[in-house]
S.K.: 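Here it is: the structure, laid out below.
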Amino acid sequence: MTYAPADDRYGRMPYRRTGRSGLQLPAISVGLWWNFGGDRPYENGRAIVRRAFDLGITHFDLANNYGPPYGSAEENFGRMLRQDFRPYRDELVISTKAGYDMWPGPYGEWGSRKYLLSSLDQSLARLGLDYVDIFYSHRFDPETPLEETMGALDTAVRQGKALYAGISSYSAAKTREAEALLRDLGTPLLIHQPSYSMLNRWIEPELLDALGELGVGCIVFSPLAQGMLTDRYLEGVPQGARASRPGYSLSPDLLTDQSLAKIRALNEIAAGRGQTLARMALAWTLRDPRVTSALVGASSVEQLEDNVRAVERLDFAEDELAEIDRHATDSGINLWSASSRD
């Protein structure tokens, strides 16, 4: 059956401006890091993406090595584009990234011009697209001159293979350097994608201030702390959950007694607000106007729908924020911290 999106899709989701640019993104965006690769049922991922668009989610975020296996999330999303979304391409913001390992040898990761531009060509082939809306440097490369990495992003935009340039997991200082380099080249830095959650607040001391001053947008990933900020782990690690499966980013070692005590306390605050913990955690990341959007992953349509309901209540009273701050403290879960060191 031919897919026809919901007529009221744009009345369901708030949209927020990306820094000082003209681009608006939905408050909730979908990331295809897990659950959309070749190891998962294709029709399940397809149903999630369809429902997301019906709910007003226009932004879908990928990377070259999302899967598993590497590249399969882009291949599957490209198939969805061909089957369902080709007539709606201009209503979508599609992003991809390069920076982490993708293929063997010295040219298959990090931030060289050769790797970034070769990877983008491969991503476009897997997606079946002529261009992506945003192309990111997925991590800072300490061994490659930043001029080379930013020059590659500028080239991608000038070649028409990306409309905008972004960076991910860069420190505040390196973000300022990257923005200045791109500005001098004539390609503005549109957006930064850092990890951020109640249990991982590294962007607050400096990065958010830098983004606000520079007029750069911010889309946060892992706002649910790899699933920790849900009701799934309130009583420990259930069988079949992400933390129980080897190879996933959420290790059982992160679910310490201290972390679980924080999660249970935050869950009580969420209940007092009439929200699930996940909905409150997402709303909390969006409380700062400098945050454009929060990326969510989903393993089911029902999980996606629950997450999107976060936008029903984005306001927080001062006493709620103060109570949250008592428990929302760093929990040693920033797996990407190496990239954000100066």
Side-chain angles (χ1 to χ4, degrees), residues 5 8-31 52-53 55-63 77 81 85-97 116 120 123-124 127 129-138 150-168 170 172 175-194 196 203 207-221 223 285-296 308 311 314:
D8 63 348
R9 59 190 178 277
Y10 290 114
R12 303 180 179 210
M13 175 67 62
Y15 299 86
R16 296 152 74 114
R17 193 162 299 280
T18 310
R20 286 196 291 266
S21 77
L23 184 68
Q24 296 183 58
L25 294 179
I28 303 293
S29 300
V30 168
F53 192 50
L55 292 170
I57 294 175
T58 54
H59 180 30
F60 297 91
D61 179 71
L62 298 117
F77 191 73
L81 287 172
F85 294 99
R86 185 65 68 187
Y88 311 104
R89 171 65 183 97
D90 292 337
E91 297 183 43
L92 302 177
V93 174
I94 300 168
S95 60
T96 195
K97 316 178 200 70
L116 293 179
L120 178 56
S123 290
L124 292 174
L127 290 164
L129 294 174
D130 296 324
Y131 72 95
V132 291
D133 296 277
I134 307 169
F135 182 49
Y136 286 91
S137 166
H138 206 168
M150 294 305 105
L153 296 184
D154 173 67
T155 295
V157 172
R158 292 183 183 279
Q159 288 179 339
K161 296 177 181 179
L163 300 186
Y164 299 97
I167 58 176
S168 179
Y170 278 51
T175 295
R176 291 182 183 277
E177 290 181 37
E179 189 276 337
L181 288 167
L182 282 170
R183 180 164 22 92
D184 288 346
L185 291 167
T187 296
L189 176 61
L190 173 77
I191 196 166
H192 189 300
Q193 187 179 132
Y196 183 51
I203 70 174
L207 182 58
L208 279 176
D209 285 345
L211 298 177
E213 292 169 17
L214 298 171
V216 174
C218 179
I219 181 168
V220 299
F221 74 89
T285 64
L286 294 166
R287 76 198 186 286
D288 191 314
R290 294 171 295 187
V291 175
T292 310
S293 182
L295 279 164
V296 301
V308 169
V311 304
L314 296 174

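From a predicted model like this one, the values you see are computed outputs, not experimental measurements.
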S.K.: Is there a side-chain contact between Ser168 and Phe221 in this structure, where contact means two heavy atoms from C-beta onward sitting under 4.5 Å apart?
M.R.: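 Of all side-chain heavy-atom pairs linking Phe221 with Ser168, at least one is under 4.5 Å.
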
S.K.: So that I can tick it off, tell me whether Arg89 and Asp133 are bridged by a salt bridge, with the cut-off set at under 4.0 angstrom between side-chain N and carboxylate O.
M.R.: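 Salt bridge: yes.
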
S.K.: Side chain of Arg17, backbone of Ser21: donor and acceptor closer than 3.5 Å?
M.R.: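 Confirmed, Arg17 side chain pairs with Ser21 backbone.
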
S.K.: Flag the pair Met150 / Glu177 as yes when at least one side-chain heavy-atom distance between them is below 4.5 Å, and no otherwise.
M.R.: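 Not in contact.
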
S.K.: Is there a side-chain contact between Ile167 and Leu189, using heavy atoms and a 4.5 Å cut-off?
M.R.: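 Yes. Closest side-chain heavy atoms under 4.5 Å.
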
S.K.: Minimum heavy-atom separation for Ala165 to Val157, with atom names?
M.R.: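 Shortest heavy-atom contact: N-CG2, 4.3 Å.
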
S.K.: Could you tell me which residues satisfy salt bridge (Lys or Arg N to Asp or Glu O under 4.0 Å) with Asp8, sequence neighbours excluded, listed by chain and number?
M.R.: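 Testing Asp8 for salt bridge (Lys or Arg N to Asp or Glu O under 4.0 Å), a comparison that skips the adjacent residues, returns Arg12.
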
S.K.: Is there a side-chain contact between Ile191 and Leu25 (heavy atoms, below 4.5 Å)?
M.R.: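 Answer yes - side chains close enough.
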
S.K.: Is any side-chain heavy atom of Ser29 closer than 4.5 Å to a side-chain heavy atom of Ile219?
M.R.: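 Yes; the side chains approach each other to less than 4.5 Å.
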
S.K.: Kindly indicate whether the side chain of Ser293, heavy atoms from C-beta on, has any atom under 4.5 Å from the side chain of Arg16.
M.R.: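 The answer is no, as the side chains (C-beta and beyond) never meet within the 4.5 Å cut-off.
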
S.K.: Using the rule given for side-chain hydrogen bond (donor to acceptor under 3.5 Å, both in side chains), can you reason through Tyr170 versus Ser137, listing the C-alpha separation, both sets of side-chain angles and the distance that settles it, and then say yes or no?
M.R.: CA-CA 9 Å; Tyr170 278 51; Ser137 166; 2.7 Å; yes

S.K.: Distance-only, no hydrogens or angles: does the Lys97 side chain make a donor-acceptor pair with backbone N or O of Leu62 under 3.5 Å?
M.R.: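 Yes, because the side chain of Lys97 sits within donor-acceptor range (under 3.5 Å) of the backbone of Leu62.
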
S.K.: If the plane angle is over 60° it's perpendicular, under 30° parallel, otherwise tilted; pick one for Phe53 and Phe85.
M.R.: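 Perpendicular, since the angle between the ring planes exceeds 60°.
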
